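These notes are about the structure you will find just below.
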Amino acid sequence: MRHQPVRPVLVVIAHGSRDPRHAATVHALVRRVRARRPGLRVETGFLDFNIPSVQGVLESLAAEGVRDVVALPLLLTRAFHAKADIPAVLREAPSRLRIRQAEVLGPAPLLTAALERRLYEAGLTPADKASTGVVLASAGSTDPEAIAVIADIAREWRHTGWCAVRPAFASASLPRTEDAVRELRALGCERVAVAPYVLAPGFLPDRIARGAADADVLADVLGPAPEVARLLLERYDEARVPMLSAVGA
């Protein structure tokens, strides 16, 4: 009987925050991921502010004898953290670990579905789409690639039937959420909704919420939406296939 290789451990890498809601939301999402795939070991590590640290998680796994790890950035765009911070941390991991860094979550149709779920939970219905303008409000970045991705998502989302969709940013880039709300009002949209394109509460999501003061609807953060949990597992599977091939699975 052929021995089946042990599945790589999934290590979810979150940014971390002084705001306790951030870690609580990350842990809620990870619980949903575990529930979707019983038997898969899922650990959580934080880059800053919260424990356990990514380095601490990796050292503990190595001490247990774990060999294969998929490190999954809990990020929506390929900005600085995905390109620099996380690879740097992974390079410092114990040498016995074989680590493959999974792709960031976005862009993905499942994230758009999660955004719409949050808007409908906030009171909209599919029948409201044609008369509603949406602000796609992200944290913001100094990385031009990340900013371009948000703009692309807004353009594509507009084609699904919304009156209009405008990107906005809580930091580093313009326009701000309140500016995009005013623009959609000026366009003549019957109502304006703000959809935070962020995973967990914190300083910048709070800024988005303040900028949504004159909107009609403010959706919740993506958090542990089922679509997000499903996407994490898709990214894990994409990363683990080459690992299994490498060991002859």
Side-chain angles (χ1 to χ4, degrees), residues 7-17 21-47 54 57 69-79 81-83 85-86 90 99-122 134 136-139 141 143 145-146 148-157 159-160 165 167 195-202 204-205 219-244:
R7 284 184 289 187
V9 174
L10 170 57
V11 176
V12 176
I13 300 178
H15 183 275
S17 171
R21 297 173 299 165
H22 175 91
T25 302
V26 170
H27 290 311
L29 173 59
V30 169
R31 285 194 296 271
R32 177 156 264 170
V33 171
R34 291 188 182 117
R36 287 187 67 92
R37 190 167 297 181
L40 172 63
R41 183 172 179 181
V42 187
E43 301 290 345
T44 308
F46 295 90
L47 290 173
V54 177
V57 169
V69 171
V70 170
L72 196 157
L74 199 59
L75 300 169
L76 297 176
T77 58
R78 273 187 49 78
H81 292 303
K83 294 177 179 178
D85 283 353
I86 292 175
L90 297 182
I99 303 176
R100 186 171 183 89
Q101 182 176 330
E103 289 296 325
V104 297
L105 298 180
L110 281 170
L111 290 176
T112 306
L115 287 165
E116 295 205 350
R117 170 188 290 274
R118 293 305 191 219
L119 286 169
Y120 297 151
E121 289 171 349
V134 177
L136 179 67
S138 78
S141 173
D143 189 309
E145 178 187 350
V149 166
I150 301 300
D152 288 343
I153 294 170
R155 279 193 294 271
E156 292 178 13
W157 200 16
H159 296 315
T160 66
V165 180
Y197 190 62
V198 292
L199 285 165
L204 293 178
D220 199 359
V221 298
L222 295 172
E227 295 86 357
V228 180
R230 180 179 162 193
L231 182 57
L232 260 70
L233 289 169
E234 287 190 4
R235 293 290 186 254
Y236 168 79
D237 288 336
E238 292 164 0
R240 72 186 280 260
V241 168
M243 297 181 75
L244 296 179

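For the single chain, residues carry numbers from 1 onward in sequence order. Just so it is clear, the structure is predicted and the values come from calculations on it, not from any experiment.
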- Looking only at heavy atoms, the pair that brings Ala23 and Phe46 closest together is CB-CZ, 4.1 Å
- Item | Exam field: side chain Arg41 to backbone Val9, donor-acceptor pair closer than 3.5 Å | no
- Just how far is it from atom CG of Leu233 to atom CZ of Arg240, taken to the nearest 0.5 Å? 10.5 Å
- Task: Just jot down the side chain to side chain contact (heavy atoms under 4.5 Å, CB included) partners of Val149, sequence neighbours excluded, or say none.
- Result: Thr77, Pro107, Ile153
- Of all the heavy-atom pairs spanning Gly45 and Val54, show the shortest one and how long it is. C-CG2, 3.7 Å
- Message: Working to the nearest 0.5 angstrom, can you tell me the gap between Leu110 CG and Leu105 CG?
- Response: 10.0 Å
- How about Leu10 and Arg37: do any of their side-chain heavy atoms sit closer than 4.5 Å? no
- In Å, rounded to the nearest 0.5 Å, how long is the span from CG of Asp85 to NE2 of His15? 7.5 Å
- Distance in Å, Asp152 CG paired with Trp157 CH2, rounded so as to fall on 0.5 Å steps: 15.0 Å
- Can you list the steps and then say if Glu156 with Thr112 is a side-chain contact (heavy atoms from CB on, under 4.5 Å)? CA-CA 10 Å; Glu156 292 178 13; Thr112 306; over 6 Å; no
- Specify the closest pair of heavy atoms between Ala219 and Ala122, including all atoms of both residues, with the distance to one decimal. CA-CB, 4.1 Å
- Query: Do you know which two heavy atoms are closest between Arg78 and Asp143, and how far apart they sit?
  - Reply: O-OD2, 3.7 Å
- Task: Tell me, with the steps shown, if Val228 and Leu111 meet side-chain contact (heavy atoms from CB on, under 4.5 Å).
- Result: CA-CA 6 Å; Val228 180; Leu111 290 176; 4.2 Å; yes
- Task: Would you please test Val42 and Leu232 for side-chain contact (heavy atoms from CB on, under 4.5 Å) and show each step?
- Result: CA-CA 11 Å; Val42 187; Leu232 260 70; over 6 Å; no
- Message: Show the nearest heavy-atom pair for residues Leu136 and Ala154, with the distance to one decimal.
- Response: CD2-N, 3.9 Å
- Message: Looking at Arg36, is its backbone amide N or carbonyl O close enough to the side chain of Arg230 to form a donor-acceptor pair, meaning the two atoms are under 3.5 Å apart?
- Response: no
- Looking only at atom types and distance, does a side-chain atom of Arg32 sit under 3.5 Å from a main-chain N or O of Pro224, one as donor and one as acceptor? yes
- Under the side-chain contact (heavy atoms from CB on, under 4.5 Å) criterion, do Leu75 and Ile86 qualify, and how do the steps go? CA-CA 11 Å; Leu75 300 169; Ile86 292 175; 3.9 Å; yes
- Query: Can you check whether Ala239's main-chain N or O pairs, donor with acceptor, with Arg100's side chain at less than 3.5 Å?
  - Reply: yes
Under 3.5 Å, side-chain donor or acceptor atoms of residues 24-31 against the rest of the protein: list the pairs with distances, not counting sequence neighbours.
| unit_1 | atom_1 | unit_2 | atom_2 | d |
| --- | --- | --- | --- | --- |
| Thr25 | OG1 | Arg21 | O | 2.8 |

- Say whether, by atom type as modelled, one donor and one acceptor occur between the side chain of Tyr197 and the main chain of Leu115 under 3.5 angstrom. no
- Query: What distance separates Leu90 CG from Ile13 CD1, expressed to the nearest 0.5 Å?
  - Reply: 5.0 Å
- Message: For a 4.5 angstrom cut-off between non-hydrogen side-chain atoms, does Val57 reach Thr44?
- Response: no
- Query: Under the 3.5 angstrom rule, does the side chain of Arg34 hit a backbone N or O of Leu40 as a donor-acceptor pair?
  - Reply: no
- Query: Hey, does Val221 have a side-chain heavy atom less than 4.5 Å from the side chain of Leu199?
  - Reply: no
- Of all pairs that satisfy side-chain hydrogen bond (donor to acceptor under 3.5 Å, both in side chains), the ones with a partner from residues 220-229, not counting sequence neighbours: Arg117-Glu227
- Note on the structure: Note: Arg118 and Ala225 closest approach over all heavy atoms is NH2-N, 3.3 Å
